[in-house]
**Q** 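Dropping a structure here in C-alpha cells format, bear with me for questions.
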Amino acid sequence: MHVERLHPWPTGVAEAEAIQDRLRVHVELTGPTTFTLVAGLDVHYHGDDSLTAAVVVLDGDTLAPVEQVVAHGRAAFPYVPGLFAFRELPALVEALERLAVTPDLLVCDGYGLAHPRGFGLACHLGVLTGLPAMGVGKTPFIGTHETPGPERGAWTPIVHEGATIGRALRTQRGVKPVYVSQGHRISLDTATDQALRLTSRYRLPDPIRHADHLARHPS
DNA sequence: GCGACAG
DNA sequence: ATCTTGTCGC
C-alpha cells in the first residue's frame, strides 16, 4: 500500500513536537464501524538501535492471518515519552509499504489520542496512511481512570483535563486491563468494540500478538 | 520545583 | 523496549 511521507525528519524534541502539533489537526474521530482487513503492528528491539518492524494483516471476521511483512531498521529517534512514535515510524511505514493488500484498520501497540499532545503513534500512522487506526497500550500513560470490573468487556474512561481520551478495557476476566484510544477515523465506541472483538484468548488483541511474534521471530 | 512518563 | 528465575495454572 502507499503511505504519505511529508516530513523533514525532526532533529530534536522541539521539531518533533511541532510536527505532532501540525499533523494533529488532521485527526478524525469518527469513521467506519466494521473492518474487512485488520493490521496489527509491532516493533522488536535487538539491543543498540537496531529493530524489526512487523505488520500482520488478519481477516476481520475469522481473524485468520492474510499477509505478513517485516522491515529491519534502526531506531530513528531517542526514546522520549510522548515522542515514542518517532523511533518506530520509519520502519513501520516501510513495512506497510511492502504490504500487497490495504488494511481497513491499523491496530498499534501504544496510544493514539491519549497522549500529552493528543497525537500518539496511532494518530500519526492513521494520518500518514489515511486509514482508520487505534492504539492499544499495555501500561497507563496519560490521564486517570478507575479500575474496570473483573469481567471481559468491562471498561472505565481515561480522563485528562476534563475530557475522555480513552478507555481502560478488561479484555479477559481477571486479567490486567489494556488501554484503548482513538488513532484516526474511528470512534471510541468502535475502537473499544474492535479491541474486544479482536482479542480471542489472551490479554492483547490477536493482530498485535501476531505482529509481536513475527517481529521477534522473523521467518 | 520534583517526579513520572506509551515502547 | 530489554536484562532474567521461579512459580502458578491450564
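The sequence lines fix the lettering, A, B, ..., with proteins before strands; numbering per chain opens at 1.
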**Q** Rounding to an integer number of Å, can you tell me how far A/Y202 OH sits from C/dC10 C1'?
**A**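 Interatomic distance, OH of A/Y202 to C1' of C/dC10: 10 Å.
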**Q** Give the rounded distance in Å between these two atoms: CZ of A/F86 and P of B/dC5.
**A**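 Interatomic distance, CZ of A/F86 to P of B/dC5: 22 Å.
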**Q** Mind checking whether A/V136 and A/D109 have side chains closer than 4.5 Å, heavy atoms only?
**A**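 Not touching, per the 4.5 Å side-chain cut-off.
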**Q** Checking all strands, does A/P140 fall into the base, sugar-phosphate, or nothing category for heavy-atom contacts under 4.0 angstrom?
**A**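 Result for A/P140 = sugar-phosphate.
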**Q** By the 4.0 Å heavy-atom rule, please label A/L92 as base, sugar-phosphate, or nothing.
**A**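 No contact.
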**Q** Using OP1 and OP2 only, check whether a side-chain N or O of A/R117 sits under 4.0 Å from B/dA6.
**A**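 No, because none of the side-chain N or O atoms of A/R117 sits under 4.0 Å from OP1 or OP2 of B/dA6.
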**Q** Does B/dG7 have OP1 or OP2 under 4.0 Å away from a side-chain N or O of A/T139?
**A**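 Indeed, a polar side-chain atom of A/T139 lies that close.
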**Q** For A/Y45, which contact category applies under a 4.0 Å heavy-atom criterion: base, sugar-phosphate, or nothing?
**A**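 A/Y45: backbone/sugar contact only, no base atoms under 4.0 Å.
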**Q** Do A/C123 and A/R24 have side-chain heavy atoms sitting under 4.5 Å apart?
**A**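 Contact flag for A/C123/A/R24 side chains = no.
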**Q** Would you classify A/G47 as touching base, sugar-phosphate or nothing, given that sugar-phosphate means primed atoms plus P, OP1 and OP2, and contacts are heavy atoms under 4.0 Å?
**A**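 Contact class for A/G47: none.
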**Q** Kindly indicate whether the side chain of A/V101, heavy atoms from C-beta on, has any atom under 4.5 Å from the side chain of A/M1.
**A**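 A side-chain contact is absent here, since even the closest heavy-atom pair is not under 4.5 Å.
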**Q** May I have the distance from A/F141 (atom CZ) to B/dC5 (atom P), rounded to whole angstrom?
**A**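 In whole Å, B/dC5 P lies 10 Å from A/F141 CZ.
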**Q** Anything under 30° is parallel, anything over 60° is perpendicular, the rest tilted; go ahead and classify A/Y111 against A/F141.
**A**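 Correct class here is tilted.
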**Q** For the CD atom on A/E146, are there more than 12 heavy atoms of other groups (residues, nucleotides or ligands in this structure) within a distance under 6.0 Å?
**A**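 No - once you tally the heavy atoms of other residues, nucleotides and ligands closer than 6.0 Å, there are 12 at most.
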**Q** Check every strand shown and say whether A/I142 touches a base, only sugar-phosphate, or nothing at a heavy-atom separation below 4.0 Å.
**A**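 Nothing, no nucleic acid heavy atom in range.
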**Q** Mind checking which stems touch DNA chain C? I mean at least 3 consecutive Watson-Crick or G-U pairs, both distances under 3.5 Å.
**A**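 So the stems come out as none.
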**Q** Examine A/R167 relative to A/Y179 and say whether NZ or CZ is less than 6.0 Å from the centre of the six-membered ring and inside a 45° cone about the ring axis.
**A**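 Judged by the rule, A/R167 and A/Y179 form no cation-pi pair.
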**Q** According to a cutoff of under 5.5 Å between the ring centres and under 30° between the ring planes, does A/Y79 stack with the base of B/dG7?
**A**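 Stacked: ring centres under 5.5 Å, planes under 30°.
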**Q** Are any of A/H115's side-chain N or O atoms less than 4.0 Å away from OP1 or OP2 of B/dC5?
**A**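 For B/dC5, neither OP1 nor OP2 has a side-chain N or O of A/H115 closer than 4.0 Å.
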**Q** Between A/R216 and A/R201, which residue's closest nucleotide on DNA chain C lies nearer the 5′ terminus?
**A**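 Final value for this comparison: A/R216.
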**Q** Describe, in one word, how the ring planes of A/H124 and A/F86 are oriented to each other, choosing from parallel (under 30°), tilted (30 to 60°) and perpendicular (over 60°).
**A**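 Ring orientation, 0 to 90° scale: perpendicular.
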**Q** Can you tell me how far C1' of B/dA6 sits from CG of A/L204, to the nearest Å?
**A**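 For the pair A/L204 CG and B/dA6 C1', the rounded distance is 13 Å.
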**Q** Which part of the nucleic acid, if any, lies within reach of A/G120 when heavy atoms closer than 4.0 Å are counted: base, sugar-phosphate only, or nothing?
**A**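 Touches a base.
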